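Read the structure below first, then the notes.
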2 protein chains.
Amino acid sequence: MRSNQPLSPLTAHLGYWMRLVSNHVSHGFARKLAERDVTVAEWVMLRQLYDEDALAPSRLAERMGMTRGAITKLADRLIAKALVVRIDHPDDGRAQTLALTKQGRRLVPTLAALADENDAAFFGHFTPEERSRIEQFLKAIVDRHGLTDVPVS
Amino acid sequence: MRSNQPLSPLTAHLGYWMRLVSNHVSHGFARKLAERDVTVAEWVMLRQLYDEDALAPSRLAERMGMTRGAITKLADRLIAKALVVRIDHPDDGRAQTLALTKQGRRLVPTLAALADENDAAFFGHFTPEERSRIEQFLKAIVDRHGLTDVPVS
DNA sequence: TATTGTTATACTCTATAACTATA
DNA sequence: TATAGTTATAGAGTATAACAATA
């Protein structure tokens, strides 16, 4: 049985092209990170912790748009790799913070260089004007929809 | 211990903004599809089959950038939902094709409308000129890197 | 009671590889 | 031997909910 009602192709949507490009940018980065035994979500957590002395798991969950349960698992893996430590809150017995180890802090700039490399591979051949136009376009959507989480996948 | 080496923020990368927007476009669509008990990957398979009488699992794997094993599982779910059927190849005993059921074929235009809706929600407020400029930008990347698979997540 | 974090369960997608049947 | 498809296993991410400890 064949299509009676012809539909607009998937490729008619801007979302299609954006997902195609975005997925490849992410996967390209994921492959580079995998050589260092790090996932994209792990990278984002490490990068967040790099700018702070320490962060509560619940703060990370908010920033990264993940559940607290997911943060626990992610932190467990990074702790197993000796890149992160858990520190009990001195006053509030329920609370903790996560912080980079010396080794974790040393790794982040290396990974940041991979991120720079990957972005340049996909967007570096455009002119600064073109890149800035796209960035404005994307930020307009971010503002309009109030998107705030750091994308992790 | 605090950062000695200040790094460019995550937000300095165009890939960051694209992933943020793309993820929300996808998740927005995923939520709409979920009301019909369909995932994005399932939608893509259904949409592929809508344009053909039938397709071999291996062809679908190529088009969707998924492994044959993943296609098997995806097809199993769609068969369980009575949206797709497996048909043995008449001559080659190894080969099969997948095709939409009547019910599956009836569902696709409904889902396509959701896709249209979702794309409009995120990109509809731009002018046709702006949209076309972004599309060109994205397609230039697709061409340059030879991206061909249909993005599924 | 509310909050913090952990744990358990389940589902989707991914990747690899072993496996069956057929060519 | 090679190919088509299935199956098994494991890992990463997501979501929900139950849970313990503390406030």
Side-chain angles (χ1 to χ4, degrees), chain A residues 19 23-24 26-31 33-35 37-46 54-62 64-81 84-99 149-153, chain B residues 19 23-24 26-31 33-35 37-45 54-81 84-99 149-153:
Chain A
R19 195 158 74 246
N23 283 358
H24 279 273
S26 279
H27 291 160
F29 185 38
R31 271 193 299 277
L33 287 175
E35 294 169 16
D37 194 29
V38 172
T39 69
V40 175
E42 287 169 6
W43 151 248
V44 172
M45 184 180 280
L46 292 172
L55 265 177
S58 46
R59 294 293 84 67
L60 278 166
E62 288 164 11
M64 298 175 65
M66 294 172 71
T67 61
R68 284 173 299 158
I71 294 291
T72 296
K73 282 202 293 184
L74 200 49
D76 285 344
R77 284 211 308 279
L78 290 171
I79 290 167
K81 294 177 190 173
V84 162
V85 285
R86 279 199 180 89
I87 304 165
D88 288 335
H89 194 286
D91 304 329
D92 188 336
R94 298 168 302 178
Q96 301 179 353
T97 53
L98 296 168
D149 58 295
V150 177
V152 137
S153 56
Chain B
R19 195 157 73 248
N23 283 359
H24 279 273
S26 279
H27 292 160
F29 186 37
R31 271 193 298 277
L33 286 176
E35 295 169 16
D37 194 29
V38 172
T39 69
V40 175
E42 288 169 5
W43 151 248
V44 173
M45 183 180 280
L55 265 177
S58 46
R59 295 294 83 67
L60 278 166
E62 288 165 10
R63 292 202 194 182
M64 298 174 65
M66 293 172 73
T67 61
R68 283 173 300 156
I71 294 290
T72 297
K73 283 202 291 184
L74 199 49
D76 284 345
R77 285 212 307 278
L78 290 171
I79 289 167
K81 294 176 191 175
V84 162
V85 285
R86 280 201 179 87
I87 303 165
D88 289 336
H89 193 286
D91 304 329
D92 188 337
R94 298 169 304 179
Q96 302 178 353
T97 52
L98 295 169
D149 58 294
V150 177
V152 137
S153 56

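These numbers come from a predicted model, not from an experiment. Residue numbers start from 1 in every chain, and the chains themselves are labelled A, B, ... in the order their sequence lines are given, proteins ahead of strands. Hydrogens, waters and symmetry mates play no part in the numbers below; they use all other heavy atoms, side chains included.
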(request) Just report the end-to-end axis angle for the helix from C:dT1-D:dA23 to C:dA23-D:dT1, five pairs per end, to 10 degrees. (result) 30°

(message) Applying salt bridge (charged side-chain N to carboxylate O under 4.0 Å, His left out), can you list everything that pairs with B:R31, at least two apart in sequence or on another chain?
(response) none

(message) If the condition is side chain to side chain contact (heavy atoms under 4.5 Å, CB included), which residues does A:A30 pass it with, not counting sequence neighbours?
(response) A:V40

Distances under 3.5 Å only, N/O to N/O: pair up the protein atoms with those of nucleotides 5-11 of chain D.
unit_1, atom_1, unit_2, atom_2, d
D:dG5, OP1, B:Q96, N, 3.2
D:dG5, OP1, B:Q96, O, 3.1
D:dG5, OP2, B:S58, N, 3.2
D:dG5, OP2, B:S58, OG, 2.7
D:dG5, O3', B:Q96, OE1, 3.4
D:dG5, N7, B:R68, NH1, 2.5
D:dT6, OP1, B:R86, NE, 2.6
D:dT6, OP1, B:R86, NH2, 3.1
D:dT6, OP2, B:T72, OG1, 2.5

(request) Give the rounded distance in Å between these two atoms: CZ of B:R31 and P of C:dT12. (result) 17 Å

(message) Can you measure A:M64 atom CE to D:dA12 atom P for me and round it to whole angstrom units?
(response) 14 Å

(message) Distance check needed: C:dC13 C1' versus B:L60 CG, whole Å only.
(response) 16 Å

(request) Quick one: list whatever passes side chain to side chain donor-acceptor pair (under 3.5 Å) with B:R59, sequence neighbours left out. (result) B:E62

(request) Output all residues satisfying side chain to side chain contact (heavy atoms under 4.5 Å, CB included) with A:R94, sequence neighbours left out; order by chain, then residue number. (result) A:D92

(request) Quick one: list whatever passes side chain to side chain contact (heavy atoms under 4.5 Å, CB included) with B:D76, sequence neighbours left out. (result) B:T72, B:R86

(request) Applying side chain to side chain contact (heavy atoms under 4.5 Å, CB included), name anything that partners B:A54, two or more places apart in sequence or on another chain. (result) B:T97, B:A99

(request) Could you state the atom-to-atom distance from NE2 of A:H27 to C1' of D:dA12 in whole Å? (result) 11 Å

(request) Take A:I79 and A:V84 through the test side-chain contact (heavy atoms from CB on, under 4.5 Å) and record every step on the way to the result. (result) CA-CA 5 Å; A:I79 290 167; A:V84 162; 4.0 Å; yes

(request) Could I get the full list of salt bridge (charged side-chain N to carboxylate O under 4.0 Å, His left out) partners for A:K81, not counting sequence neighbours? (result) A:E42

(request) Rounded to the nearest angstrom, tell me the gap between atom CG in A:L33 and atom P in D:dA12. (result) 13 Å

(request) Classify the nucleic acid contact of B:D88 as base, sugar-phosphate or nothing, counting any heavy atom under 4.0 Å across all strands shown. (result) nothing

(message) Without decimals, in angstroms, what is the distance between B:D92 CG and C:dT20 C1'?
(response) 14 Å

(request) Return the value, rounded to whole Å, for the distance between atom CG of B:L98 and atom P of D:dA4. (result) 14 Å

